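Structure record follows, encoded as structure tokens.
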Amino acid sequence: MSNQTMHPPPTTDPYQLLKIQHHPNDTLTRYFEDPHTSPSLDTSLPVLTKDLFINQSNQTWLRLFLPKKATNVSNLNNKLLPIIVFFHGSGFIVQSAASTNFHDLCVDMADTVEAVVASVDYRLAPEHRLPAAYDDAMEALSLIRSSQDEWLTKYVDYSKCYLMGNSAGATIAYHAGLRVLEKVNDFEPLKIQGLILRQPFFGGTNRTESELRLENDPNFPLCVSDLCWDLALPIGVDRNHEYCNPTVGNDVDEKLDKIKDQGWRVLVSINGGDLLADRAKELVQLMDEKGVEVVKDFQEEGFHGVEFFEPSKAKKFIKLVKGFISTFDA
């Protein structure tokens, strides 16, 4: 909670907190407990799932989530569904689209929002440092645009696409969006309508108030945030790189102007007990100044990743996403 006195985590070693070992050849051994869920075509479930390769050479793939109600015979009007392209979090360095926590979130989102969800399994750092994950996001969008898979061609309204992620996944969604803006026509008939950024993972060399206040947050301490960036960024650059800090660079205004010109809306959802909160607020302020339509969900209560520990928070956020998307159908 944002008004709690934070006690230091049991250890201040971020490697122990993350349960990883970094080797001299820039690879990780991951001891992180990460239960996985397999895709299923079981029609007794509310959402059907299956995996598609993006790039077999890179071992990247995406998991499609199709609400069973869309396949019912009663769907006589063959209603097409929006598509949410989702990027999972965990600091660019652990977990996957098969991780049970992200799988379950996407199931609930597909069922509640009534959308097809495509959850992208991108390459992890440090074995594949940025911009690898951003590159993989673009390959995923290209696959979705061109794939002849029936779940996409039969059930998806390509004109209603949303890029979404949580934590590092939100950072990927944001950078993928910026890249799409450079060649919008190349992705037709896929048309991005907005970005959904849940607790986006941005950074910088100057500390924000929320980073200093929550330095010893037991859920996500500052040392873990710093280590994730050290492992994810190209070797030799600091956190004031454009891959990390969205407020740096000579073309920030131009990028935000393009978001505005495309008519994209941006949902930014943060919690006061998250040390990343001020970074998100900085980006929101820039977007507001440039006239981008931003939907702000600022909750004082809650910590980083709270929706994975408190189901009520997850349901509330998914309902927010549903409302955000439904405004395009009005």
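Being a predicted model, the structure only gives us computed values, none of them experimental.
- Between the side chain of Q199 and the backbone N or O of G305, at least one donor-acceptor pair lies under 3.5 Å.
- Cluster membership check: L66 shares its hydrophobic cluster with L41, using side-chain heavy-atom separations under 4.5 Å among Ile, Leu, Val, Met, Phe, Trp and Tyr.
- Here L212 sits alone; no ILVMFWY side chain lies under 4.5 Å from its own, so it joins no hydrophobic cluster.
- Side-chain atoms of N245 do not come within 3.5 Å of backbone N or O of G204 as any donor-acceptor pair.
- Between atom CD1 of residue I259 and atom CG of residue L178 there is a gap of 5.5 Å, rounded to the nearest 0.5 Å.
- For the pair Y122/S96, no side-chain contact is recorded, criterion being any heavy-atom separation below 4.5 Å from C-beta on.
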Check the pair L276 / I270 against side-chain contact (heavy atoms from CB on, under 4.5 Å), numbers first and verdict last. CA-CA 8 Å; L276 302 177; I270 60 177; over 6 Å; no

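- A heavy-atom distance below 4.5 Å is not found between the side chains of I192 and V184.
- Inter-residue side-chain proximity for V268 and K296 is flagged as unmet; no heavy-atom pair is nearer than 4.5 Å.
- Remark: L231 CG to D26 CG distance equals 7.5 Å, nearest 0.5 Å.
- At least one donor-acceptor pair under 3.5 Å links the side chain of N240 to the backbone N or O of T205.
- Salt bridge status for R239 with D226: present, with a side-chain N to carboxylate O gap under 4.0 Å.
- Counting only heavy atoms from C-beta outward, the side chains of P246 and L286 never approach each other to under 4.5 Å.
- Residues L45 and L105 do not share a hydrophobic cluster, clusters being chains of Ile/Leu/Val/Met/Phe/Trp/Tyr side chains in contact below 4.5 Å.
- Side-chain atoms of L28 and L124, non-hydrogen and from C-beta on, never get closer than 4.5 Å to each other.
- The number of heavy atoms from other shown groups lying within 6.0 Å of CG (N250) does not exceed 12.
- For K315, the NZ atom counts as loosely surrounded, since its 6.0 Å shell holds 12 or fewer non-hydrogen atoms of other residues, nucleotides or ligands.
- Counting heavy-atom neighbours within 6.0 Å of N206 CG, excluding the residue itself, gives a total of 12 or less.
- Panel note: side chain Q193, backbone R265; no donor-acceptor pair is recorded below 3.5 Å.
- Note that CG of L214 and OG of S225 are 11.5 Å apart. Values are rounded to the nearest 0.5 Å.
- With salt bridges taken as basic N to acidic carboxylate O contacts below 4.0 Å, one links E211 and R279.
- Between the side chains of N166 and E307, not a single donor N or O lies within less than 3.5 Å of an accepting N or O.
- Under the ring-ring contact (aromatic ring centres under 6.0 Å, His included) criterion, F86 pairs with no residue at all, not counting sequence neighbours.
- A distance of 9.0 Å separates CG of L181 from CG of D261, quoted to the nearest 0.5 Å.
- No donor-acceptor distance shorter than 3.5 angstrom exists from the side chain of T27 to the backbone of H23, with no hydrogens or angles considered.
- Note: C228 SG to F201 CZ = 5.0 Å, rounded to the nearest 0.5 Å.
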Distance-only donor-acceptor hits, side chain of residues 251-258, under 3.5 Å, sequence neighbours excluded:
{"from": "D257", "atom 1": "OD1", "to": "K290", "atom 2": "NZ", "distance (Å)": "3.4"}
{"from": "K258", "atom 1": "NZ", "to": "E182", "atom 2": "OE1", "distance (Å)": "3.3"}
{"from": "K258", "atom 1": "NZ", "to": "E182", "atom 2": "OE2", "distance (Å)": "3.0"}

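- Under the ring-ring contact (aromatic ring centres under 6.0 Å, His included) criterion, Y134 pairs with H175, Y243, sequence neighbours left out.
- Atoms CG and CG, on L52 and L143 in that order, are 6.0 Å from each other to the nearest 0.5 Å.
- The shortest distance between side-chain heavy atoms of M138 and V180 falls below 4.5 Å.
- The ring pair (Phe, Tyr, Trp, His ring centres under 6.0 Å) analysis of residues 89-112, with sequence neighbours excluded, yields the pairs F65-H103, H88-F102, F92-W229, F102-F308.
- Side-chain N or O atoms of D217 include one that pairs as donor or acceptor with a backbone N or O of N219 at under 3.5 Å.
- Between the side chains of S99 and D34, at least one donor N or O sits under 3.5 Å from an acceptor N or O.
- Remark: side-chain polar atoms of Q59 are paired, donor with acceptor, to backbone N or O of Q56 under 3.5 angstrom.
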Please tabulate, for side-chain N and O atoms in residues 106-121, each donor-acceptor pair with protein atoms closer than 3.5 Å (sequence neighbours left out).
{"from": "T112", "atom 1": "OG1", "to": "D108", "atom 2": "O", "distance (Å)": "3.0"}
{"from": "D121", "atom 1": "OD1", "to": "A97", "atom 2": "N", "distance (Å)": "2.9"}
{"from": "D121", "atom 1": "OD2", "to": "W61", "atom 2": "NE1", "distance (Å)": "3.1"}

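- Panel note: side chain D157, backbone P82; no donor-acceptor pair is recorded below 3.5 Å.
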Step by step, would you call L227 with I93 a side-chain contact (heavy atoms from CB on, under 4.5 Å)? CA-CA 10 Å; L227 177 60; I93 63 171; 5.8 Å; no

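- With respect to R207 and E215, no salt bridge is recorded, no charged nitrogen being found less than 4.0 Å from a carboxylate O.
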May I have the step-by-step check of salt bridge (charged side-chain N to carboxylate O under 4.0 Å, His left out) for R30 and E127, ending in yes or no? CA-CA 12 Å; R30 296 168 174 86; E127 293 89 348; 2.8 Å; yes

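- Distance alone, capped at 3.5 Å, places no donor-acceptor pair between the T60 side chain and the I54 backbone.
- Counting heavy atoms from C-beta outward, D274 and F303 have side chains that stay 4.5 Å or more apart.
- Of the residues Q21, Q16, K19, the one that meets the side chain to side chain donor-acceptor pair (under 3.5 Å) test with Y31 is Q21.
- Considering only heavy atoms from C-beta on, L283 stays 4.5 Å or farther from P200 through its side chain.
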